[in-house]
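In what follows, chains carry the letters A, B, and so on, assigned in the order in which the sequence lines appear, proteins first and then strands, with residues in each chain numbered from 1.
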Amino acid sequence: MAEQLPLHFEFRANQTFNNFFPGTNQEIVTHLQNCIAGVGEQQIFLWGKSGQGKSHLLQACCRDAQSQNQRSFYFDFSAALPDPIILSGLDNYELVCLDNIEKIAGNPEWEQAFFNFFNQHRDYSHKLIMSSSVAAIEIAIQLADLKTRLNWGLSLKIQVLADTDRIAALIFKADQLGFEISPQVGNFLLTHSDRDLPSLWDLLEKLDRASLVAKRKLTVPFLKQILRETNSC
Amino acid sequence: MSSIWNNCLSKLENEISDSDFSTWIRPLQAIESNGQIKLLAPNRFVLDWVKEHHFAKIEESIHEFSDGKLDLNLEIGSKKSMPPTTEKPVIAKEAKKASPHFLNYAFTFDNFVEGKSNQLAKAASIQVSENIGKAYNPLLIYGSSGLGKTHLMHAVGNAVLQKKTSAIIVYLHSEKFVQDMVRALQQNSINTFKDYYRGVDVLLIDDIQFFAGKERSQEEFFHTFNTLLEKKHQVVLTCDKYPKEIIGLEDRLKSRFGWGLPVSIEPPDMETRAAILMKKAALANVVLPQEVAFFIAKRIPSNVRDLEGALRRVIANAQFTGREITTEFTKEALHDLISLQDKLVNIDNIQKTVAEYFKIRVADLSCKNRRQSITRPRQIAMCLARELTSHSFPEIGDAFGGRDHTTVMNACKRINELKEADNKVAEDYSNLLRTLSH
């Protein structure tokens with residue numbers, strides 16, 4: 001019998017607070033939501049290892065801001081530094097989220113441009129959320145006036161999830177994708193594949209497709225079979 | 001927001017990656033009129049990017065949801081009549097619409113915590129606010145970043161305003177002065193620019209070190225400055241260093257900045273840091289026990305912004321967990337920050353920094369040499385180790401060649417006395433503290 005081919009449909013889960021598994025990072029979610037609602041901090045600096053969901057959270061903030069009729073802007077510096085003109089006009093935006101802000105360190109033109117933007121944006125009491133893989137104190141910003149400003153607001157470290165939380169996160173994510181996995185399957189995935197969250201999410205999506213093709217539930221024996229087949233390819 | 005654009009957004013967010021959607025699509029503001037939908041981009045960069053990468057998809061969506069009745073038009077702009085962007089002409093009147101003086105009303109003399117490190121600057125600022133154009137003109141407040149220069153500057157403006165509500169006061173950052181001038185030149189409105197800045201009663205310009213290397217701005221500022229002083233209008237300036245030390249600033253400006261009173265602000269001592277924390281906590285309606293304030297002040301020895309950041313962390317965590325703010329709780333809340341501080345400031349790098357500063361060998365700090373050229377740096381290093389780290393007296397003694405803890409105690413006592421009596425020691429200590437805290 002020919003195997004059933006899944007309809008080519010890329011599931012695109014938008015990055016929201018609802019589909020973020022907070023685990024031990026619930027405090028961060030609360031402060032970010034309060035910030036957007038205008039009842040919390042005006043400036044938040046979110047830092048921690050990559051792959052923990054900082055970009056997800058920043059984009060969730062922009063989405064929340066939009067639902068509250070606030071203008072928002074998000075930019076990720078991880079790929080390359082654009083012309084600093086990209087900051088002009090943004091002091092008018094109620095929310096600006098800058099991802100991987102540490103990348104501007106050591107670039108005098110960008111440090112100066114960001115410093116100017118920072119002052120004007122703050123003068124209007126608008127909200128600024130930044131993320132970085134390291135703490136603000138560790139970023140090698142050359143412009144002293146800018147360096148002290150990064151530490152000014154609320155600084156929050158995103159915690160790496162413990163294994164029990166990772167299993168819960170896998171179950172949560174599978175549920176978001178529309179299927180179920182047991183804690184045993186979650187545990188198996190943690191011990192037999194890359195444990196960083198982005199790799200686990202990728203794997204979940206692949207497993208979802210494989211279970212659709214084989215019309216089988218995701219069980220440990222089935223997982224072993226899939227991983228064996230994948231490894232032998 | 002246009003309902004058609006809302007529909008387009010809902011569609012596009014499922015077709016474009018979240019990151020791209022948040023950067024290029026969501027920030028666009030829609031205006032629907034006269035058979036077209038105009039999308040406003042915040043700047044040229046965003047506009048060009050959207051045109052190149054997303055125009056077709058946006059246009060297709062708009063046609064779909066408007067049954068082909070609306071055309072798409074992309075422009076740079078902003079929907080609300082907000083304060084200046086670099087794309088729009090702005091000075092004087094437009095700027096005033098946004099906020100009359102650009103003063104932060106929260107910065108007053110009452111909530112400025114005074115200590116030895118800043119009392120002269122505060123006293124001079126009060127004098128200036130009570131005798132505009134007569135006491136010290138210009139008043140120049142200088143010192144490292146995050147020590148309260150801007151607070152004092154706003155406090156001057158607010159105090160003047162309280163007495164004379166009609167006073168024309170303008171606070172701005174030096175970069176804003178430069179930007180406004182460039183724009184005025186581009187738009188042939190330099191005379192309006194000149195009239196505006198030369199017509200104010202009090203001009204407060206922050207961070208004048210950023211004038212360095214900008215000759216045309218210096219020229220314009222020089223004339224603005226002269227006009228205001230001739231009219232006996234007040235000028236208050238801040239700088240991160242003594243102006244004579246700024247490279248790229250014209251000599252005639254350096255000289256004029258010194259005409260009035262240059263006053264420095266030094267990093268606050270521990271007692272002042274604790275008082276600042278308690279004042280800021282009170283402003284946030286939070287009771288901060290004194291012992292907690294001293295704990296944070298001891299662990300965050302650098303500048304007021306760092307202190308404020310640490311306090312925010314403690315308050316935010318207390319509000320989230322509902323726990324009482326105690327020293328134990330604060331240790332937990334600031335655990336990450338304290339670990340980083342410890343990593344960055346430890347006895348080894350204190351010794352290295354002090355040795356470099358006094359041009360001696362690191363080994364000299366641990367040897368038995370009793371020459372004053374060695375003992376003084378050694379005492380300063382011990383005192384810094386006591387102030388900047390959590391090591392005990394015996395531990396510090398061990399790190400300095402196995403000296404007794406009483407030697408460390410005496411060194412700290414001696415240096416604290418000398419900081420009061422000997423300007424050179426005070427300056428050396430302050431310089432080292434600043435270097436190690438950043």
(request) Please tell me if the side chains of A:Asn19 and A:His56 come closer than 4.5 Å, counting only heavy atoms from C-beta onward. (result) yes
(message) Quick check: do B:Leu47 and B:Arg44 have side-chain heavy atoms less than 4.5 Å from each other?
(response) yes
(message) Check the orientation of A:Phe75 and A:Phe77. Use parallel for under 30°, tilted for 30 to 60°, and perpendicular for over 60°.
(response) perpendicular
(request) Check the angle between the aromatic planes of B:Phe211 and B:Phe177 and answer parallel, tilted or perpendicular using the 30° and 60° thresholds. (result) perpendicular
(request) Decide yes or no for B:Glu175 and A:Gln112: does some side-chain heavy atom of the first lie under 4.5 Å from some side-chain heavy atom of the second? (result) yes
(message) At a 4.5 Å cut-off on heavy atoms, which part of A:Asn119 comes close to chain B: side chain, backbone, both, or neither?
(response) side chain
(message) Between the side chains of B:Asp342 and B:Arg299, is the shortest nitrogen-to-carboxylate-oxygen separation below 4.0 Å, so that they form an ion pair?
(response) yes
(request) For residues B:Phe210 and A:Phe115, establish whether the separation of their ring centroids is below 6.0 Å. (result) yes
(request) Against chain B, label A:Leu58 side chain, backbone, both or neither, depending on which of its atoms sit under 4.5 Å from a heavy atom there. (result) neither
(request) Pull out the residues in residues 149-158 of chain A that come under 4.5 Å of chain B, heavy atom to heavy atom, sorted by number. (result) A:Arg149, A:Asn151, A:Trp152, A:Gly153, A:Leu154, A:Ser155, A:Leu156, A:Lys157
(message) Classify the ring geometry of A:Phe73 against B:Trp24: parallel below 30°, tilted from 30° to 60°, perpendicular beyond 60°.
(response) perpendicular
(message) Does any backbone or side-chain atom of B:Asn104 lie under 4.5 Å from a heavy atom of chain A? Answer side chain, backbone, both or neither.
(response) neither
(request) For B:Gln341, enumerate each residue passing the side chain to side chain donor-acceptor pair (under 3.5 Å) test, keeping only those at least two apart in sequence or located in another chain. (result) none
(request) Would you mind checking if B:Asp180 and B:Arg183 are paired as a salt bridge, meaning a charged N to carboxylate O distance below 4.0 Å? (result) yes
(message) Any heavy-atom pair between the side chains of A:Ser199 and A:Asp202 that's under 4.5 Å?
(response) no
(message) With a strict 4.5 Å heavy-atom criterion, list every residue of residues 26-37 of chain A that contacts chain B, or say none.
(response) A:Gln26, A:Glu27, A:Thr30, A:His31
(message) Any non-hydrogen side-chain atom of A:Gln43 less than 4.5 Å from a side-chain atom of A:Lys127?
(response) no
(message) Counting only non-hydrogen atoms closer than 4.5 Å, does A:Asp83 touch chain B with its backbone (N, CA, C, O), its side chain (CB onward), both, or neither?
(response) both
(message) Does any backbone or side-chain atom of A:Phe45 lie under 4.5 Å from a heavy atom of chain B? Answer side chain, backbone, both or neither.
(response) neither
(message) Please rank B:Asp206, B:Asp207, B:Leu307 by heavy-atom pairs under 4.5 Å with chain A and give me the top one.
(response) B:Asp207
(request) Please state whether the side chain, the backbone, both or neither of B:Asn317 comes within less than 4.5 Å of a heavy atom of chain A. (result) both
(request) Name the region of A:Gln70, side chain, backbone, both or neither, that has any atom closer than 4.5 Å to a heavy atom of chain B. (result) neither
(request) With a 4.5 Å cut-off on heavy-atom pairs, point out which of B:His173, B:Gln209, B:Arg305 contacts chain A the most. (result) B:Arg305
(message) Between B:Gln29 and A:Tyr93, is the side chain to side chain donor-acceptor pair (under 3.5 Å) condition met? List the steps.
(response) CA-CA 11 Å; B:Gln29 298 162 63; A:Tyr93 279 55; 3.2 Å; yes
(request) With sequence neighbours excluded, tell me which residues meet side chain to side chain donor-acceptor pair (under 3.5 Å) with A:Ser78. (result) A:Asp76
